[in-house]
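Below is one structure, written out as structure tokens; comments come after it.
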Protein chains: 2
Amino acid sequence: MDTTQRTEQQRSADRRRRELLEAADRVVLRDGPQASMNAIAAEAGITKPILYRHFGDKGGLYAALAQRHTDALLGSLRAAVDAPAGRRERVEATLDTYLAAIEARPQVYRFLMHPAEGSQGGDQGFDVGKHSAPLLRRMGEELAQVIEERLDLGPGSQQLARVWGHGIVGMMHAAGDWWLGERPCSRAELVRSLADLLWGRLAAAGDKMGGPGF
Amino acid sequence: MDTTQRTEQQRSADRRRRELLEAADRVVLRDGPQASMNAIAAEAGITKPILYRHFGDKGGLYAALAQRHTDALLGSLRAAVDAPAGRRERVEATLDTYLAAIEARPQVYRFLMHPAEGSQGGDQGFDVGKHSAPLLRRMGEELAQVIEERLDLGPGSQQLARVWGHGIVGMMHAAGDWWLGERPCSRAELVRSLADLLWGRLAAAGDKMGGPGF
DNA sequence: ACACGCGTGTTACTAACGGTAACGTTACTG
DNA sequence: CAGTAACGTTACCGTTAGTAACACGCGTGT
């Protein structure tokens with residue numbers, strides 16, 4: 001009896017939690033990362049304290065919300081990186097998957113990149129060096145793992161793979177962010193340019209006349 | 001007289017402005033980007049409204065503060081990118097200069113990367129796609145210019161250079177951020193690994209046994 | 001029937017923040 | 001000495017995150 005009751009309650013709580021998360025999702029999609037707890041509670045048809053009972057604080061809610069989208073995006077990226085094709089094709093597919101995602105849902109993307117902003121309670125310690133969005137860290141780590149698993153990089157391969165994982169993710173992120181703001185070219189062109197960069201065209205390019213090149 | 005008066009006043013105002021900025025600098029260095037206007041005013045020995053008279057709003061103060069550091073860092077980077085050496089050496093010097101800067105002053109670095117956080121007044125429009133720190137944008141644009149000036153990239157070189165500029169800066173940033181948090185290796189190793197990545201080692205690396213490589 | 005918990009929800013509050021209006025005070029100028 | 005203009009303050013507003021205290025519904029043990 002005790003057990004069945006507990007599972008019953010837990011189910012109910014989980015369902016409520018999902019409902020709240022979906023409401024929060026709608027608000028964040030509408031108002032951006034600045035969405036207030038009041039607004040989210042109102043959208044869910046309830047009031048603040050319930051949110052706090054479920055998620056502890058704003059960081060908790062945002063973490064839960066971010067995890068959903070992060071999981072979804074990472075799933076897509078894994079599919080792209082694991083596709084049956086050559087290395088270059090898969091790199092391009094991965095880049096394109098990421099860029100398509102941020103293009104399709106820029107608000108969600110922005111939320112994922114700046115989840116914990118606006119925290120003004122306490123927070124004196126302000127983790128230096130850990131300010132990046134969890135999404136970036138997770139993508140970096142996952143990519144590092146893929147690289148280390150599949151590429152033969154000689155000695156020190158593990159560290160090299162991690163550096164590359166985070167570096168490539170950062171490249172993708174920064175270029176995507178800039179591209180999303182200015183739209184200077186098509187997505188396909190952007191993908192090609194980035195892949196060219198990773199393929200060493202920077203080193204291979206010839207100097208322009210007048211002094212040594214970059 | 002009018003002119004002398006004006007210059008006199010302007011000088012005084014500029015001096016005061018510099019004092020306020022230095023006070024703000026100290027507070028940001030101590031409390032991180034969450035530093036409150038009250039705290040900054042107190043550090044400067046004055047009260048809030050004076051800050052607002054000088055800088056308009058928090059964004060204005062932070063922009064002014066960020067510009068100083070950004071200018072300083074960009075100066076160092078320009079020196080590194082313009083040094084008389086080969087391309088690879090200069091790329092490594094540029095990376096190392098950036099990493100040394102963020103290593104030396106992580107609080108300042110974190111502030112520069114997240115300057116406008118915590119804004120809670122209005123701000124409904126939340127510029128999608130322009131959320132990146134101004135420092136990143138400026139570095140990306142400057143690097144793009146250098147690349148476009150000195151490298152012979154064939155047709156479409158301008159767009160390619162811009163993509164690469166922002167991409168490389170993002171790579172540097174993300175890798176640096178991760179490195180600063182975990183310190184998995186020395187700065188020199190990180191620089192070498194990133195330069196290797198830019199030099200096409202990702203494309204050149206051999207597959208590990210078992211299926212096609214990444 | 002009745003009290004007891006327990007989960008769910010509310011109202012009403014605190015403390016802190018960004019920002020501003022209204023009021024002194026100093027000092028320079030006619 | 002009157003006017004004015006910058007410098008500075010106190011006291012306030014509206015909004016935010018977060019919390020305490022109270023109220024309702026509901027199954028349970030005695």
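Quantities reported herein were computed from a predicted structural model and do not represent experimental measurements. A note on names: the letters A, B, ... follow the listed sequences, proteins ahead of strands, and every chain is numbered from 1. When reading the values below, keep in mind they use all heavy atoms of this one structure, side chains included, and skip hydrogens, waters and symmetry mates.
- The nearest whole Å value for the distance from the CG atom in B:Asp14 to the P atom in D:dA6 is 15 Å.
- If you measure from atom CG of A:Asp31 to atom C1' of D:dT16, you get 14 Å, rounded to the nearest angstrom.
- Residue B:Phe55 contributes atom CZ, which lies 15 Å from atom P of C:dT20 at whole-angstrom precision.
- The side chain of A:Thr47 approaches C:dT10 more closely than any other nucleotide in the set D:dA17, C:dG18, C:dT10.
- Residue A:Arg16 has a polar side-chain atom (N or O) positioned under 4.0 Å from OP1 or OP2 of C:dG9.
- When each of C:dG18, D:dA20, D:dA17 is scored by its nearest atom to the side-chain atoms of A:Pro49, the top-ranked nucleotide is D:dA20.
- Side-chain atoms of B:Tyr109 do not come within 3.5 Å of backbone N or O of B:Leu99 as any donor-acceptor pair.
- Listed nucleotides D:dC7, D:dT19, D:dT9 differ in distance to B:Ile50; the shortest reach to its side chain belongs to D:dT9.
- Remark: P of D:dA17 and CZ of A:Arg53 are 18 Å apart, rounded to the nearest angstrom.
- Seen from the ring of B:Trp164, B:Arg162 does not count as a face-on cation partner, given the 6.0 Å and 45° thresholds.
- With hydrogens and angles left out, the side chain of B:Lys58 and the base of C:dG19 share no donor-acceptor pair within 3.5 Å.
- Atom pair B:Asp57:CG and D:dG14:P shows a separation of 20 Å (rounding to whole Å applied).
- The B:Ile46 side chain lies nearest to D:dT9 when the options are C:dT10, C:dG18, D:dT9.
- Listed nucleotides: C:dT20, C:dA22, D:dA17. Nearest to the side chain of B:Tyr52: C:dT20.
- Side-chain proximity of A:Ser36 to the nucleotides C:dT20, D:dT16, C:dC17 is greatest for D:dT16.
- For the pair B:Met37 CE and C:dT20 C1', the computed distance is 12 Å after rounding to whole Å.
- For the pair B:Glu148 (side chain) and B:Gln145 (backbone), a donor-acceptor distance under 3.5 Å is absent.
- Protein atom OH of A:Tyr62 is 14 Å distant from nucleotide atom C1' of D:dG18, rounded to whole Å.
- What separates NE2 of B:His54 from C1' of D:dT9 is a distance of 15 Å, to the nearest Å.
- Looking at B:Glu142, its side chain never comes within 3.5 Å of a backbone N or O of B:Met139 through a donor-acceptor pair.
- Taking the ring axis of B:Trp199 as reference, the NZ or CZ atom of B:Arg88 stays within 45° of it and closer than 6.0 Å to the ring centre.
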